[in-house]
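Right, one structure below, let's go through it.
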There are 2 protein chains.
Amino acid sequence: MSDLLNRLRGRGWRMTAQRRVVAEVLDGDHMHLTADEVHARAAARLPEISRATVYNTLGELVSLGEVLEVSTDRRAKRYDPNAHRPHQHLVCAQCGAIRDVHPSGDPLAALPDAERFGFTISNVEVTYRGICPDCTSA
Amino acid sequence: MSDLLNRLRGRGWRMTAQRRVVAEVLDGDHMHLTADEVHARAAARLPEISRATVYNTLGELVSLGEVLEVSTDRRAKRYDPNAHRPHQHLVCAQCGAIRDVHPSGDPLAALPDAERFGFTISNVEVTYRGICPDCTSA
DNA sequence: TGCCCACCTTGGATCCGGTCCAAGGTGGGC
DNA sequence: GCCCACCTTGGACCGGATCCAAGGTGGGCA
């Protein structure tokens with residue numbers, strides 16, 4: 001966990017209380033929080049932290065490759081701290097819950113050259129949608 | 001093309017000038033237009049059509065299964081009139097252009113039961129991201 | 001140890017896609 | 001041709017995200 005902070009320091013991040021708190025919130029439990037949820041949890045520890053700073057910091061973590069942005073619907077983006085193991089997402093269409101999943105095989109292999117239209121493809125996102133057990137029984 | 005209008009009439013759609021124009025815009029060339037683009041094209045034929053009506057009509061077409069909603073990024077949703085042949089999307093990360101593609105195999109088969117966490121999975125979306133030829137050369 | 005400035009934070013304004021609403025208009029069944 | 005259930009309208013509103021100018025501060029350097 002201070003691994004993350006060390007990596008960030010090593011990349012020239014000026015370490016401030018705000019950034020530390022945001023990084024720790026994400027690194028704490030591996031959930032898929034929205035920016036507002038991150039802000040709420042950060043504010044629990046550092047009451048005066050602003051939304052703008054949370055957005056800035058999340059954006060930096062994303063561009064450093066430490067965190068992934070996941071927007072599975074029109075609601076708020078979610079931030080996925082599990083950036084270092086490739087995975088896909090399983091999303092509940094009702095409550096929006098997200099689980100990381102690890103399908104077998106390489107989805108990119110399924111796309112023949114003739115269907116690539118000259119694009120330089122850099123990644124593939126697979127989103128499985130359905131209803132989670134909680135919403136099914138409710 | 002009047003196939004679409006006939007299907008809609010058959011489902012009890014009250015046919016108004018506005019709805020006809022929106023349906024025709026989508027059915028015309030098989031592109032992936034945003035709601036605003038649909039509005040602009042519709043307004044070219046029916047100047048006083050409102051944005052609200054375009055949104056309403058698009059929403060109805062989606063819930064009738066005649067059109068698919070595609071939101072590949074945080075920008076505006078796009079509407080895909082090609083709802084009757086299953087396909088996936090190839091998206092340019094730079095300009096946002098979308099192409100329909102038809103990968104081989106069933107992506108759902110790649111997800112083992114142990115990774116389904118009790119979800120009732122209803123569909124799978126695959127989005128290939130990359131840079132299109134136009135943006136590569138530019 | 002202390003200074004200083006480049007970088008960071010702040011909150012309020014602003015943007016943008018989308019939705020809501022109440023009032024007025026109209027398709028199409030009778 | 002009438003009438004009303006349904007449709008359209010535009011303007012207000014919403015929520016997530018971003019921008020901005022003003023003030024604060026980490027940490028390199030002396």
Side-chain angles (χ1 to χ4, degrees), chain A residues 5-6 8-26 32-64 67-80 95-96 98, chain B residues 5-6 8-26 32-43 45-64 67-80 96 98:
Chain A
L5 294 180
N6 286 335
L8 295 173
R9 231 186 304 259
R11 303 216 216 176
W13 240 36
R14 178 176 291 186
M15 193 52 63
T16 67
Q18 292 85 343
R19 287 176 167 184
R20 192 193 327 275
V21 166
V22 169
E24 284 173 359
V25 164
L26 281 173
H32 300 82
L33 301 171
T34 64
D36 263 9
E37 287 164 352
V38 172
H39 178 239
R41 293 179 185 220
R45 302 207 214 171
L46 188 65
E48 292 316 313
I49 191 171
S50 74
R51 288 196 335 121
T53 296
V54 170
Y55 276 106
N56 289 342
T57 306
L58 289 172
E60 286 154 15
L61 288 169
V62 168
S63 63
L64 288 174
V67 161
L68 296 175
E69 240 175 37
V70 186
S71 46
T72 54
D73 54 27
R74 202 111 290 264
R75 307 177 230 181
K77 274 187 255 187
R78 291 174 176 276
Y79 292 87
D80 182 346
C95 68
I98 299 181
Chain B
L5 294 179
N6 286 335
L8 294 172
R9 232 186 304 261
R11 303 216 215 175
W13 239 35
R14 178 176 292 186
M15 193 53 61
T16 66
Q18 293 85 342
R19 286 175 167 185
R20 192 191 330 275
V21 166
V22 170
E24 285 173 359
V25 164
L26 281 173
H32 300 83
L33 301 172
T34 64
D36 263 8
E37 287 164 353
V38 172
H39 179 239
R41 293 180 185 219
R45 303 206 213 171
L46 188 65
E48 291 316 314
I49 191 171
S50 73
R51 287 197 332 126
T53 296
V54 171
Y55 276 105
N56 289 341
T57 306
L58 288 171
E60 287 155 13
L61 288 169
V62 167
S63 63
L64 289 172
V67 161
L68 296 175
E69 241 174 37
V70 187
S71 45
T72 54
D73 55 27
R74 201 112 291 261
R75 306 177 230 183
K77 274 186 253 188
R78 291 175 176 276
Y79 293 88
D80 182 347
I98 299 181

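Just so it is clear, the model here is predicted, and its values are computed rather than measured. Reminder, nothing fancy here: chain letters follow the sequence lines and each chain counts from 1.
Side chains of A/Leu5 and A/Glu24 form a contact here, defined as non-hydrogen atoms less than 4.5 Å apart. Between A/Arg11 and A/Leu64 there is a side-chain heavy-atom pair separated by less than 4.5 Å. Residues B/Arg78 and B/Glu69 form no side-chain contact, since every pair of their non-hydrogen atoms from C-beta on lies 4.5 Å or further apart. No side-chain heavy atom of A/Val54 sits less than 4.5 Å from a side-chain heavy atom of A/Asp36. A 4.5 Å side-chain heavy-atom check between B/Leu33 and B/Tyr79 finds every atom pair outside the cut-off.
Taken residue by residue, residues 36-45 of chain A places no heavy atom nearer than 4.0 Å to DNA chain D. Residues from residues 68-76 of chain A lying near DNA chain D, meaning a heavy-atom separation below 4.0 Å, are A/Ala76 in numerical order.
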Contact state string [nucleotides 3-11 of chain D, B base, S sugar-phosphate only, - no protein heavy atom under 4.0 Å]:
--BBSSBB-
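For the pair B/Met15 and B/Lys77, nearest-nucleotide mapping onto DNA chain C gives the more 5' position to B/Lys77.
Here the P atom of nucleotide D/dG15 and the OH atom of A/Tyr55 are 12 Å apart, to the nearest Å.
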Only Watson-Crick and G-U wobble pairs with both distances less than 3.5 Å should count. Give DNA chain C in dot-bracket notation, marking inter-strand partners with |.
||||||||||||||||||||||||||||||
Going by atom type alone, with no hydrogens or angles, which donor-acceptor pairs under 3.5 Å involve a side-chain atom of residues 46-53 of chain B and a protein atom two or more places apart or on another chain?
unit_1  : atom_1 : unit_2  : atom_2 : d
B/Ser50 : OG     : B/Thr53 : N      : 3.2
B/Ser50 : OG     : B/Thr53 : OG1    : 3.2

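Taking A/Glu60 as the reference, A/Trp13, A/Arg19, A/Asn56 meet the side-chain contact (heavy atoms from CB on, under 4.5 Å) condition, with sequence neighbours excluded.
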